[in-house]
Amino acid sequence: MSYTLPTPLSRPQSAPKTAYLITSGDLRESANIGGWPTQVELEAGVGRVFDELGWNVIRAFDVDPETGHGFISSQRMGLEVFKNIPVDAPLIVAIANWQYSHHVLAGLRSHQGPILTVANFAGDWPGLVGLLGLNAGLTKMDKPYSTTWSVDFTDQWFKDGIREWTETSTITHDASHVRPLPALPESPEKQLGEALAKQLLDEKAIIGVFDEGCMGMYNAIFDDELLNLTGIYKERLSQSALYAEMLNVGEDEANAAYDWLIDHGMTFRFGEDGATELTREQVQWQMKMYIAALRIADDFGLDAVGIQYQQGLKDLVPASDLAEGILNSTERPPVYSRDGERELHAGRAFPHFNEADEGVAVDALVTDRVWRAMGLVPDNTLHDVRWGEEYDGEFVWAYEISGSVPASHLGGWDKAEGWRQGHVFFPAGGATLNGTSKPGEVVLSRVFIADGILQADIFRATVVELPEEETRRRREATNPEWPLAHVVLHGVTRDQFMARHKANHAQLVYAPDAETADKALIAKAAMFDGMGIKVNLIGDVKI
């Protein structure tokens, strides 16, 4: 019998001193089009360095004449692009925009040549955030890669790194700031962390996930086999269920939540054109989402909740960020059960993990329990590792997130402003929870997957106050509508952090002073350790 056999795939042959270049892009064409000029500059800068070293860089696919950009904009497109790349060729993934990692992970997983991820170090487009997200995905799937970054691709550090990669297929970064968690000396904080871990393992907890895989973040999905070992289980929920519950929230209830915000000092920058300006109707939908999320959390007995929003829900309702920031605030509008008999989670923040990032879910749940047990304000949030520059002799990071910080981080509701989300990423609008984070001592951390296990990097930092003019400059260099934290890391340089951090997000929580922050960090590390999560201390941590 004769069968029709598939034609074997024919790839080009690799050549000496020749690297192929690809770029993973956004799923939203408006973002790809807007970010394309920055990508062109990035590729030109990288190409010049390789050219100086006598290397040829081949772009693996052409610019699309219809869209006008050259980003890989879907997983299918990524599969097609990789058909034209020699499987053993040196491969550069150049990132100047937010990118959906799953567009290229299939090709990267099976690629046999050395892989280099590279980004420009700039604030205007979130290439650094995209780079770290892709790096975290490669780390999760245990795929070797090298990584680097540069402001303008002319600095010697960047050039030396590229030279090292062309000669050895790797770039070695300084990891002297990383150390494993030592045996903790006995202390009340150690005992607390261990007791909370035992309680979690014995009694267990449930995180509600309104759809996984937000914006292609493969690194943000934790397999049950790993997650369940910590005592945490998932309730898989649909964003369509959240939308359906929003439709059942009464206008009077949404109005009451909005009035509470106004009474507590929050202001909104309203306009009339909903296509580009914030409207009261958009905020009304956000109040309904806030109420609906808490009611569904009550239905399922959840301990934390995460809303994907992008994609899917963004085409139905305004941004989720304002609702998320309210959830993460201890002081927030009261929400009652459907029959009006019970106030839900009265007097407490209800942990929300932005963008349904399950590493944030674990971190937020642990933080909430440790901080409340210590009598501290547990309000915590993630931030994008966005960008940074030196100011007055020290490197100050600009950490931002798309609007979902708790009001307490800004100094209170009277310091919070609602700005319309940018129409490029948020066509349905909605308010941010905007402001500048107050100065103070913070604990930063990230839970991630590496070497096939859950790990947690934990470190200390200070949120500093910068002059108004410098704050304004940094806002305008990034996203002025988003909340901003000026962060100085303790004992970690810019490049050490970029080389090590296995996520596009970092979790931030305040303590009233440095001594308390150090103690809370010990309790948090002990709880992670008791849950079976490998703990890594980053920078200057007092243990």
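For this chain, numbers begin at 1 and follow the sequence in order.
With 3.5 Å as the limit, one finds no donor-acceptor pair spanning the side chains of Arg446 and Asn504. Looking only at atom types and distance, the side chain of Asp152 has a donor-acceptor partner in the side chain of Thr154 under 3.5 Å away. A donor-acceptor contact under 3.5 angstrom links the side chains of Asp495 and Trp149, judged on distance only. A side-chain donor-acceptor contact under 3.5 Å links Asn354 and Glu324. For the residue pair Asp363 and Thr367, a side-chain donor N or O sits within less than 3.5 Å of a side-chain acceptor on the partner. There is a side-chain donor-acceptor pair under 3.5 Å between Glu355 and His505. Defined by atom type and a distance below 3.5 Å, a donor-acceptor pair is present between the side-chain atoms of Thr147 and Thr117. Of the N and O atoms on the side chains of Thr170 and Glu164, not one donor lies less than 3.5 Å from an acceptor on the other residue.
The only option from Glu470, Glu476, Glu469 that meets the side chain to side chain donor-acceptor pair (under 3.5 Å) definition with Arg473 turns out to be Glu470. Between Val46 and the options Leu116, Thr148, Val118, a side-chain contact (heavy atoms from CB on, under 4.5 Å) holds for only Val118.
Proximity of a side-chain donor or acceptor of Gln239 to a complementary backbone N or O of Gln311 within less than 3.5 Å is detected. Judged by distance alone, with hydrogens and angles left aside, the side-chain atoms of Thr432 form a donor-acceptor pair with the main-chain N or O of Glu481 at under 3.5 Å. Checked by atom type and distance alone, the side chain of Arg386 never pairs as donor or acceptor with a backbone atom of Val129 at under 3.5 Å. Here the side chain of Ser24 pairs a donor or acceptor atom with the backbone of Tyr100 at under 3.5 angstrom. Judged by distance alone, the side chain of Ser240 and the main-chain N or O of Ser238 form no donor-acceptor pair under 3.5 Å. The main-chain N or O of Leu138 is never found under 3.5 Å from a side-chain atom of Tyr145 such that the two would form a donor-acceptor pair. With hydrogens and angles disregarded, a donor-acceptor distance shorter than 3.5 Å links the side chain of His111 to the backbone of Ala89. No side-chain donor-acceptor contact under 3.5 Å links His486 to the backbone of Val463. Lys314 contributes no side-chain N or O that, together with a main-chain N or O of Ser320, makes up a donor-acceptor pair within less than 3.5 Å. Under a 3.5 Å cut-off, the side chain of Asn228 and the backbone N or O of Ile232 do form a donor-acceptor pair.
Distance CD/Gln99 to CE/Met217: 10.5 Å, rounded to 0.5 Å. Distance CZ/Arg236 to CD/Glu212: 5.0 Å, rounded to 0.5 Å. Gln75 CD to Leu27 CG: the interatomic distance, rounded to the nearest 0.5 Å, is 10.5 Å. Distance check, rounded to the nearest 0.5 Å: NE2 of His352 to CD1 of Ile207 gives 11.5 Å. Taking CG from Leu226 and CG from Leu229, the interatomic distance works out to 6.5 Å, rounded to the nearest 0.5 Å. The distance from atom CG of Leu382 to atom CD1 of Ile401, rounded to the nearest 0.5 Å, is 4.5 Å.
Between Phe497 and Phe459, a ring centre-to-centre spacing shorter than 6.0 Å is recorded. The aromatic ring centres of Tyr510 and His409 sit less than 6.0 Å apart.
Looking only at side-chain heavy atoms (C-beta outward), Phe50 and Thr166 come within less than 4.5 Å of each other. Considering only heavy atoms from C-beta on, Asn380 stays 4.5 Å or farther from Leu508 through its side chain. You'll find the side chain of Leu128 reaches within 4.5 Å of the side chain of Met498, heavy atoms only. A 4.5 Å side-chain heavy-atom check between Tyr20 and Pro86 finds at least one atom pair inside the cut-off. Residues Ile162 and Lys159 have side chains not in contact (no heavy-atom distance under 4.5 Å, counting atoms from C-beta outward). By the 4.5 Å heavy-atom criterion applied to side chains, Phe71 and Asp26 are not counted as neighbours. Asp392 places none of its side-chain heavy atoms less than 4.5 Å from the side chain of Leu466. Contact check for Ile72 versus Thr23: no side-chain heavy atoms found under the 4.5 Å cut-off.
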N/O donor-acceptor pairs under 3.5 Å from side chains in residues 420-430, not counting sequence neighbours:
residue : atom : partner : partner atom : Å
Arg420  : NE   : Gly274  : O            : 3.4
Arg420  : NE   : Glu277  : O            : 3.3
Arg420  : NH1  : Phe426  : O            : 3.3
Arg420  : NH2  : Gly274  : O            : 3.1
Arg420  : NH2  : Ala275  : O            : 3.2
Arg420  : NH2  : Pro427  : O            : 3.2
Gln421  : OE1  : Trp482  : NE1          : 2.9
Gln421  : NE2  : Asp321  : OD2          : 3.0
Gln421  : NE2  : Ser402  : O            : 2.4

Identify all side-chain donor-acceptor contacts of residues 525-543 below 3.5 Å with residues at least two apart in sequence or on another chain.
residue : atom : partner : partner atom : Å
Asn536  : ND2  : Gln455  : OE1          : 3.1
Asn536  : ND2  : Asp457  : OD1          : 2.9

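The aromatic rings of Phe395 and Trp397 sit perpendicular, their planes meeting at an angle over 60°, well past the 30° parallel limit. Using cut-offs of 30° and 60° for the angle between ring planes, the Trp165 and Trp55 rings count as tilted.
A pairwise comparison of heavy atoms in Gln496 and Ser176 identifies NE2-OG, 3.5 Å as the closest pair. Scanning all heavy atoms of the two residues, the minimum distance from Gly68 to Trp36 falls at O-CD1, 3.3 Å. When all heavy atoms of Ala356 and Val209 are compared, the closest pair comes out as CB-CG1, 4.2 Å.
Under a cut-off of 6.0 angstrom, the local environment of CD in Glu52 is crowded, with over 12 non-hydrogen atoms contributed by other residues, nucleotides or ligands. Within 6.0 Å of CZ in Arg11 there are more than 12 heavy atoms belonging to other residues, nucleotides or ligands. For Gln13, the CD atom counts as loosely surrounded, since its 6.0 Å shell holds 12 or fewer non-hydrogen atoms of other residues, nucleotides or ligands.
Between Arg475 and Glu400, none of the side-chain N atoms (NZ, or NE/NH1/NH2) sits under 4.0 Å from a carboxylate O, so this pair counts as no salt bridge. For the pair Glu441 and Arg460, the salt-bridge criterion is met [side-chain N within less than 4.0 Å of a carboxylate O].
A cation-pi contact links Arg494 to Phe121, judged by a cut-off of 6.0 Å to the six-membered ring centre and 45° from its axis. A cation-pi contact, defined as under 6.0 Å to the ring centre and within 45° of the axis, links Arg59 to Phe61.
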Could you walk me through whether Asn32 and Ser73 satisfy the side chain to side chain donor-acceptor pair (under 3.5 Å) test, starting with their C-alpha distance in whole Å, then the side-chain angles of each, then the deciding distance to 0.1 Å, before giving a yes or no?
CA-CA 8 Å; Asn32 286 329; Ser73 56; 4.9 Å; no
